[in-house]
Amino acid sequence: MKKSKLLALILAAAMVITAGGCGFTGSSGGTAASGTEQTASSGAASSDTITVYDTNEIRTMVQWAASDTNSFTILNNVSEGLYRLNAKHEPEPALAQDCKISDDKLTYTFTLRDGLKWSNGTSLTAKDFVFSWLKQMSADATNGYSFIMTDYIVNGEEYLAGKAKAEDVGVKALDDKTFEVKLKQPTPYFIRLTTLPMFFPLNEEFVKSKGDKYGLDAGSMIYCGPYVLTSYDPASGSVMKKNDSYWDAANVKVPNVKVRIIKEQATALNAYKAGELSRVILSSSDVPAMKSSPEFSSNNEFRTTYLQFNLTDKTLSNKNIRTALGYAIDRKTLADAILSDGSAPATGLIPNYMYGNGKETFRELNGDITAFDAAKAKEYWDKGVKELGSVPTLTLLTEDDSVTKTVATYLQSEFKKNLGIDVKIDSKTKKARNQLMDNNNFQMAITAWGADYDDAMTYMDLWTNGTPYRGSYKSDTYNGLIADAKKQTDDEKRLQDMLTAEKLLVVNDAVVSPLFYRGSAYLTKPNVKNLVTHPFGAPIEFKYASLN
Amino acid sequence: MFRYICKRMVYLLITLLIILTTTFFLMKKLPGTPFDSERFSLLPADQQAQLLEKYGLNDPVIVQYGKYILNVAKGDFGTSFFYSGQPVSGVIMGRIGPSALIGIQAILIGLSIGLILGIIAAWRHNSGIDYFTMVIAVLGVSVPNFVAAALLQYYVGLKWGLLPVAFWESWKNSVLPSIALSFSVTAMIARFMRTEMLDVLGQDYIVTAKAKGLNQFKVLMRHAVRNSIIPVVTILGPIVVNLLTGSLAVENIYSIPGIGSLFVDSIKTNDYSTIMGITVFYSAFYIFVMLVVDILYSVIDPRIRLASNGKGD
């Protein structure tokens, strides 16, 4: 019939139009490449591919714009810094073969390995580090991470503000193989910083030749890490293959790796069962059923979720009230029974396993400073109420994702049970919650902070600026301790400053009440070995993995 | 006809401008900035200002609006904040393909099965097949597509291993999501078709056609179906727009890099340029489909005249 023919014609036309653009497996990498990929790497259970996933899109491959863990993960595997974290999360010489630190601990001289090459064949020299570090310290950097260099490097801040010239900044290529960095103050964790994506080298000539197009697809980047990107699509993931020109290529065992994007947990589990994923992260409801599986394991991240009190609030300016709220929370039940996803109960602000003095971790050194004690909670609460003159009403501000809401509901029940009070929950989108906090328009809020680097300073530094987001905490003692720690040349004294500062923040001044350290429980296919997950920065490390 | 289309095109532009303006000012009311607020607030004030300046976010909203409209007129939709540096048009184009493909397939499946079921149900009114069709219709409308998607994924994908569980690698990956999306289309089309056919089958001209000695099939196809299909075409418009512009739930379940999830994410992250880009795309597409539907009316039923003066073509 006439009309159905016409309809068919229109639909067929629409199909032809879209067929060109429906781009299976990453439409960005160009058409030629994606065709061959499909046949080569279907199914993760194959003997040469590891496939993992992330729940968020890969936002960018441009390292001076990247600020999320998923982008970091890809960057860390296709590029490399002077040092790289080993399987035990300790820094190991990578593109640098060694580093000499001057006696005043202010000058670091890195010597690069011989014959380093970018994936396009150009030599990798110390100049590539100077270029990328200056870029990160310039206004071009949009990732909000400039501080991670300008805080330490001589004239970094001045350069960023446009008050110093590039040649005055403390990063110099003495020759092709020697890279010298001058620091403002001794920084015991500086070597650990160089493992982060912001510190990776960039080839000036290549970056400039690509202009605005740099990093937009796999072809507009060059690589110096264990892998090279073969395709990159923010929404469906990226595919990498082993980089044959990598200096340590002999020790990279898995030829192909894939990072997919999966937003639904159930989908990830189905894909894992169907053999399309090498590892799946479990939701808390799946953990009990899977716990006994030999494929089960869990890990802890350097990420503390805590209760931030607003010290300018009429009620919460009372320290006894804050202390009471802190004592009233049974964190063990929260982590083990409510979350039950690999998370660990918080015993302080600084997460488990974070660097202390090399022998013991920071947490071991400072002990458990957030114990649960219902009797003390009630005692402090009554004292606080007496001082205030009436029983206050409290509102807990929280983000509206399911995990945080669960935590908020649990806190509400704990406060009811142990203090006998009804706390209101105000759940908002992340942006809205942040705006309320920035505008000093909250009483207490659940927030979290993930470590940028493996040192307690990544947390402690946050409470020195007295912003409403950090509860408007303004303490000369605390700021004095942090300032002293920053310029201290004696590592032991510095550590003591930090330990005291944590106690001050959590116990004496009760500014925050740490709740839990995020963890994940996951299943890994038995043929995948040594797929390392770092607790901070770029989590997934493919370099040490093997398949058998 | 030509004049009519030209007139509609002018309306299209005016409508678009109104939608753009409303969305732009509403969007600016969203709390926060496109930047990661925790890190952003850690930056010193001058650096914050520098960053806002770079993206023109320091200007008064009305100035930002003016600049944006000018750029759009030049065909420049800006670059995404979330996908740092990627041009919005590229981001959107890359995500339309998958959504459109599963959308079109879902419509083709839904339309063909729906029409056939509807016609047979009306033709064999109150028979077994009629009841069967109605059960399908009720199920199709009341079972949400994400439930169908999850069930299909678990059984067809995982248990029986017939089709890929998820992802977007070859045409095979598009089959399950298309089927999941097609249920509601089938149901809606079948219901509309059945009701309308029942109405038409009772008309005098059907009796006449039968009296003329035309066979059952011809009566059905030439007289009944043609006259019943108008309401179906009407609802086809919104269905096409809905399906081709993506379904968040189904896209997420099958990990399809479609446009549905892009839209939701862009709003969550205050990715202003992407929100606007998708709004323009959605509205232009919707208005365009409505135009096509109107034109289809006159093709199916010549009694419907689009232009008041002159003939429909």
Side-chain angles (χ1 to χ4, degrees), chain A residues 1-3 6-7 10-11 14-15 18-19 21-25 27-28 38 42 57 59-60 62 65-68 139 142-147 160-161 212 215-216 233-236 260-264 266-267 270-271 273-274 276 429-432 434-436 438 447 449 462 465 467 469, chain B residues 30-32 35-43 46-47 50-51 54 82-86 91 93-98 100-101 104 107-108 150 153-154 157-158 161 164-171 173-174 221-222 225-226 229 252-255 257 261-262 265 268-270 292 296 299-300:
Chain A
M1 310 262 110
K2 200 175 151 203
K3 71 267 173 183
L6 188 87
L7 208 66
I10 292 170
L11 289 168
M15 222 165 157
T18 50
C22 62
F24 295 104
T25 318
S27 48
S28 62
Q38 290 162 22
S42 51
E57 281 92 348
R59 295 179 56 168
T60 180
V62 179
S67 63
D68 59 302
T142 50
N143 54 5
Y145 267 110
S146 300
F147 74 89
L160 181 58
D212 284 350
L216 291 193
D233 179 352
S236 57
R260 293 183 183 279
I261 311 298
I262 306 178
K263 297 190 168 188
E264 282 284 326
T267 302
N270 284 341
K273 286 179 181 163
E276 302 211 20
T429 63
K430 188 168 186 186
K431 296 260 179 199
N434 287 347
Q435 195 179 47
L436 285 174
D438 284 334
T447 61
W449 186 256
L462 299 172
N465 54 14
T467 55
Y469 196 91
Chain B
L30 284 172
F35 308 110
D36 179 341
S37 23
E38 275 157 338
R39 294 207 182 281
F40 186 69
S41 59
L42 280 181
L43 296 177
D46 53 329
Q47 278 182 47
Q50 211 172 31
L51 210 57
K54 186 171 173 159
F82 187 75
Y83 299 112
S84 167
Q86 306 256 15
V91 173
M93 287 320 283
R95 306 284 284 264
I96 290 172
L101 181 72
I104 289 169
I107 291 165
L108 286 181
Q153 179 180 64
Y154 185 74
L158 184 60
V165 168
F167 311 122
W168 194 248
E169 297 188 321
S170 68
W171 178 78
N173 296 69
S174 72
M221 296 316 284
R222 183 164 294 168
V225 172
R226 180 160 191 168
I229 212 158
N252 279 354
I253 288 173
Y254 289 101
S255 282
S261 52
L262 179 68
D265 289 344
K268 274 199 219 157
T269 57
N270 284 13
V292 172
L296 275 183
V299 174
I300 295 164

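Chain letters run A, B, ... following the sequence lines, proteins first, then strands; residues in each count from 1. Keep in mind that this is a model prediction, so the values were computed, not measured. Note that these values count all heavy atoms, side chains included, but never hydrogens, waters or copies made by symmetry.
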inquiry  = Looking at every non-hydrogen atom in both residues, tell me the closest pair between A:K431 and B:P31 and how far apart they are.
reply    =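 A:K431 and B:P31 have their closest heavy atoms at CB-O, 3.5 Å.
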key: Nearest non-hydrogen partners of A:A274 and B:V165, listed with the distance   =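 Nearest pair, atom of A:A274 first, then B:V165: CB-CG2, 3.5 Å.
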query = Measuring heavy-atom distances to chain A, does B:I253 have an atom under 4.5 Å in its side chain, in its backbone, in both, or in neither?
reply =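 The answer is both parts of B:I253.
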message = Counting only non-hydrogen atoms closer than 4.5 Å, does B:N173 touch chain A with its backbone (N, CA, C, O), its side chain (CB onward), both, or neither?
response =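 Answer is neither: B:N173 stays 4.5 Å or more from chain A.
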task = Let me know which of A:V62, A:L216, A:T60 forms a side chain to side chain contact (heavy atoms under 4.5 Å, CB included) with B:Q86.
result =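 Only one of A:V62, A:L216, A:T60 forms a side chain to side chain contact (heavy atoms under 4.5 Å, CB included) with B:Q86, namely A:L216.
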Under a 4.5 Å heavy-atom cut-off, does chain B meet the side chain of [X], its backbone, both or neither?
{"X": "A:E264", "answer": "both"}
{"X": "A:N434", "answer": "side chain"}
{"X": "A:L436", "answer": "neither"}
{"X": "A:D68", "answer": "neither"}
{"X": "A:T267", "answer": "both"}
{"X": "A:I261", "answer": "backbone"}

ask   = Say you draw a straight line from NZ of A:K430 to CG of B:N270; how long is it, rounded to the nearest 0.5 Å?
value =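 So the NZ of A:K430 and the CG of B:N270 are separated by 12.5 Å.
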Between NZ on residue A:K263 and OG on residue B:S261, distance to nearest 0.5 Å =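 OG of B:S261 is found 4.5 Å from NZ of A:K263.
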Test log, rule side-chain contact (heavy atoms from CB on, under 4.5 Å), inputs A:I262 and B:F167 = CA-CA 8 Å; A:I262 306 178; B:F167 311 122; 3.5 Å; yes
ask   = Around atom CG of A:N465, are there more than 12 heavy atoms of other residues, nucleotides or ligands at under 6.0 Å?
value =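 Atom CG in A:N465 is crowded, with more than 12 foreign heavy atoms closer than 6.0 Å.
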